[in-house]
Enquirer: 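Structure incoming, see below.
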Amino acid sequence: MSTPIINKIINAFNSGSCDKEIACFKNLETAINSVSCNITAEIYHGAKSFVDFHPVSHPAPNWLGRLPARCELADLLLISYRKRPAFELRIAFLQAKYDKKKYKHPQCINTIQFKADKKQWYLLRYRPSIKAVKNNNSIPPNILSDAICSTVGAFIVFSKLNNNNNNIIFCAADNINPLNQQTTSRYVVFTTSLKCCGNKFRPCSQYIFNENQISACTYGFISSLINVQIGTPIDPSTDTMTNGAAYDSRIWLAGVLDSIANDQVNRKSLVQDLREALDIDNAPRITANTTKTILIIRNDEE
């Protein structure tokens, strides 16, 4: 993806409203769609989805409370894909925060702190097997635990710079830790160290997929987002690597798309385009509950 296109998206993003999480996501959708017909973004309304899980190690942290622990899955389901030169598809569950503090130029952001739910962090950081609280939600239990890339669970923090430009900081949950490790409170301050206005790429496990684990600035995040470098891959090429999680995730995703199409879509859309690309017949239509917001990105820019 060329730098001029990314800079145009950033300029459009800076000119829009970004004072709350949902406003920031809508602003990002508008900014992406203003640049190129080959890069498209669409936002849809979802619904809160709660999951139960058991800790991945014993003894369990006291602050998890009664087991199985229960919390919201995430704020946002991010779906990014491209159809050429080969079909690529990634999903990520993002927890969104808005930081009212103004920062200097992103090259000066070395650390960031924000308050979050410790259970939510544990879920996205350690990625245990999960079980949907509602019986009508068929989300695969191993959608997190057998994911190839750790950015299947991540945090995104929106903020302002001193020049009033909007800023996006993105971190895989792996790179975030409670500021006070000893506290038993559920809602605590988290912190992470950032690579100055850069990205932290690494191969996912033993496989060849790269993921961007940390972006300290808007440029790094948008570049990785539209180049399908955030989230875990679930396209058919990954089926043998994930103990069936990728295939089960595509079936679940097809059901999610069918639910959106039934309730919210009355035009040619990314929902229909991706649903056709999944090439799955008769997906269970019982998965309307996913996250409060669903963001779909398609990039076919050469």
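When a residue number appears, it is its place in the shown sequence, counting from 1.
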Enquirer: Could you verify whether a donor N or O on one side chain and an acceptor N or O on the other, from Ser150 and Gln213, lie under 3.5 Å apart?
Expert: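 Yes, a side-chain donor-acceptor pair sits under 3.5 Å.
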Enquirer: Mind checking whether Arg298 and Asp273 have side chains closer than 4.5 Å, heavy atoms only?
Expert: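 Yes, close enough: below the 4.5 Å cut-off.
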Enquirer: Has Thr238 got a side-chain atom pairing as donor or acceptor with Asp235's backbone, closer than 3.5 angstrom?
Expert: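 It does hold such a pair.
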Enquirer: Taking all atoms of both residues into account, what is the closest heavy-atom pair of Val152 and Ala147, and its distance?
Expert: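 Smallest interatomic distance, heavy atoms only, reads CG1-CB, 3.7 Å.
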Enquirer: Look only at the side chain of Arg250 and the backbone of Ile234, and say whether a donor-acceptor pair between them is shorter than 3.5 Å.
Expert: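 Such a contact is found between Arg250 side chain and Ile234 backbone.
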Enquirer: What residue among Ile168, Ile169, Leu225, Leu28 forms side-chain contact (heavy atoms from CB on, under 4.5 Å) with Ile156?
Expert: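 Answer after filtering Ile168, Ile169, Leu225, Leu28: Ile168.
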Enquirer: Let me know which of Leu124, Thr151, Leu78 forms a side-chain contact (heavy atoms from CB on, under 4.5 Å) with Leu94.
Expert: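 Answer after filtering Leu124, Thr151, Leu78: Leu78.
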Enquirer: Do the side chains of Leu123 and Val56 join up, straight or via other hydrophobic residues, at under 4.5 Å, putting them in one cluster?
Expert: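 As far as the 4.5 Å side-chain criterion goes, Val56 and Leu123 are connected within one cluster.
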Enquirer: What orientation do Trp63 and Tyr122 show, parallel under 30°, tilted 30 to 60°, or perpendicular over 60°?
Expert: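 Aromatic pair Trp63/Tyr122 classed perpendicular.
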Enquirer: Are Ser159 and Asp99 close enough that a side-chain donor and a side-chain acceptor fall under 3.5 Å?
Expert: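 Note: Ser159 and Asp99 side chains miss the donor-acceptor criterion.
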Enquirer: Would you name the heavy atoms of Leu64 and Pro55 that are closest together and state the gap between them?
Expert: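 Closest heavy-atom pair between Leu64 and Pro55: CD1-CB, 3.9 Å.
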Enquirer: Quick one: does Ile294's side chain get under 4.5 Å of Val256's, heavy atoms only?
Expert: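 A side-chain contact exists here, since the closest heavy-atom pair is under 4.5 Å.
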Enquirer: Do Ile176 and Arg125 touch side chain to side chain, with heavy atoms closer than 4.5 Å?
Expert: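 SC-SC contact between Ile176 and Arg125 ruled out.
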Enquirer: Is there a side-chain contact between Ser34 and Lys8 (heavy atoms, below 4.5 Å)?
Expert: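 No. Closest side-chain heavy atoms not under 4.5 Å.
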Enquirer: Would a line drawn from the ring center of Tyr126 to the ring center of Phe53 be shorter than 6.0 Å?
Expert: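 No, the ring of Tyr126 stays outside the 6.0 Å limit from the ring of Phe53, centre to centre.
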Enquirer: Measure the CG-CG distance between Asn164 and Asn162 for me, rounded to the nearest 0.5 Å.
Expert: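 The distance works out to 8.5 Å.
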Enquirer: Do Ile79 and Leu274 have side-chain heavy atoms sitting under 4.5 Å apart?
Expert: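 Yes - at least one pair of side-chain heavy atoms lies under 4.5 Å apart.
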Enquirer: Do Phe114 and Phe155 have ring centres separated by under 6.0 Å?
Expert: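 Close enough - the centres of the two rings lie under 6.0 Å apart.
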Enquirer: Between the side chain of Thr293 and the main-chain N/O of Leu76, is any donor-acceptor distance below 3.5 Å?
Expert: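 No, because the side chain of Thr293 does not come within donor-acceptor range (under 3.5 Å) of the backbone of Leu76.
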Enquirer: Report yes if some heavy atom in the side chain of Leu77 is under 4.5 Å from a heavy atom in the side chain of Phe93; otherwise report no.
Expert: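 Yes, close enough: below the 4.5 Å cut-off.
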Enquirer: To the nearest 0.5 Å, what is the distance between CD1 (Ile32) and CG (Asn299)?
Expert: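 So the CD1 of Ile32 and the CG of Asn299 are separated by 9.5 Å.
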Enquirer: Are any non-hydrogen side-chain atoms of Ile296 and Val271 less than 4.5 angstrom apart?
Expert: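 Touching, per the 4.5 Å side-chain cut-off.
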Enquirer: Any ion pair linking Asp75 and Lys48 (charged N to carboxylate O, less than 4.0 Å)?
Expert: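 Salt bridge between Lys48 and Asp75, a charged N being under 4.0 Å from a carboxylate O: no.
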Enquirer: Are Lys131 and Asp52 close enough for a salt bridge, meaning some N to O gap below 4.0 Å?
Expert: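 No, no charged N to carboxylate O under 4.0 Å.
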Enquirer: Just how far is it from atom CD1 of Ile297 to atom CD of Glu42, taken to the nearest 0.5 Å?
Expert: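 Ile297 CD1 to Glu42 CD: 9.5 Å, rounded to 0.5 Å.
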Enquirer: Is it the case that over 12 heavy atoms from other parts of the model lie below 6.0 angstrom from the OH atom of Tyr247?
Expert: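 Not more than 12 within 6.0 Å, no.
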Enquirer: How long is the gap from CG on Leu73 to NZ on Lys292, to the nearest 0.5 Å?
Expert: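 Reported value, rounded in 0.5 Å steps: 11.5 Å.
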Enquirer: How many angstroms lie between atom CD of Gln95 and atom SG of Cys71, to the nearest 0.5 angstrom?
Expert: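 Rounded to the nearest 0.5 Å, the CD-SG separation comes to 8.0 Å.
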Enquirer: Treating Ile, Leu, Val, Met, Phe, Trp and Tyr as nodes and any side-chain heavy-atom pair under 4.5 angstrom as an edge, say whether Val35 and Ile6 lie in one connected cluster.
Expert: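 Shared cluster, yes.
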Enquirer: Could you report the tightest heavy-atom contact between Arg82 and Asn227, atom names first, then the distance?
Expert: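 Closest heavy-atom pair between Arg82 and Asn227: NH2-O, 3.1 Å.
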Enquirer: To the closest 0.5 Å, what do you measure between NZ (Lys26) and NZ (Lys20)?
Expert: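 Those atoms lie 11.5 Å apart.
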Enquirer: Compare every heavy atom of Pro178 with every heavy atom of Lys118, then report the nearest pair and how far apart it is.
Expert: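 Result for this residue pair: CE-CG, 4.0 Å.
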Enquirer: Does any N or O in the side chain of Asn212 come within less than 3.5 Å of the main-chain N or O of Gln229, such that one atom is a donor and the other an acceptor?
Expert: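 No; judged by distance alone, with no hydrogens or angles, the pair does not exist.
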Enquirer: Please check if the side chain of Arg90 supplies one atom and the backbone of Gly231 the other of a donor-acceptor pair under 3.5 Å.
Expert: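 Yes; judged by distance alone, with no hydrogens or angles, the pair exists.
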Enquirer: For a quick test of reading the model, state the closest non-hydrogen atom pair linking Ile230 to Ser80 and the distance between them.
Expert: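 Smallest heavy-atom distance, with atoms named: O-OG, 3.9 Å.
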Enquirer: If you take the centroid of each ring, where Trp contributes its six-membered ring, are Phe170 and Phe221 closer together than 6.0 Å?
Expert: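 They qualify: ring centres under 6.0 Å apart.
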Enquirer: Kindly say whether Tyr219 contributes a backbone atom to a donor-acceptor pair with the side chain of Ser223 at under 3.5 angstrom?
Expert: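 Pair absent, no side-chain N/O of Ser223 close to backbone of Tyr219.
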Enquirer: Do side-chain atoms of Asn14 reach the backbone of Asn166 as a donor and acceptor pair under 3.5 angstrom?
Expert: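 Yes, Asn14 side chain to Asn166 backbone: donor-acceptor pair under 3.5 Å.
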Enquirer: Within the structure provided, determine whether Ser129 and Asn142 are in side-chain contact (heavy-atom separation under 4.5 Å).
Expert: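 No - every pair of side-chain heavy atoms lies 4.5 Å or more apart.
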Enquirer: Distance-only, no hydrogens or angles: does the Asn11 side chain make a donor-acceptor pair with backbone N or O of Asn7 under 3.5 Å?
Expert: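 Yes; at least one donor-acceptor contact below 3.5 Å.
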Enquirer: Under a 3.5 Å distance rule, please check whether Glu88 uses its side chain to pair with a backbone N or O of Tyr81 as donor and acceptor.
Expert: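 No: the side chain of Glu88 does not pair with the backbone of Tyr81.
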Enquirer: Under the 3.5 angstrom rule, does the side chain of Gln120 hit a backbone N or O of Asp117 as a donor-acceptor pair?
Expert: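 Checked: no pair found.
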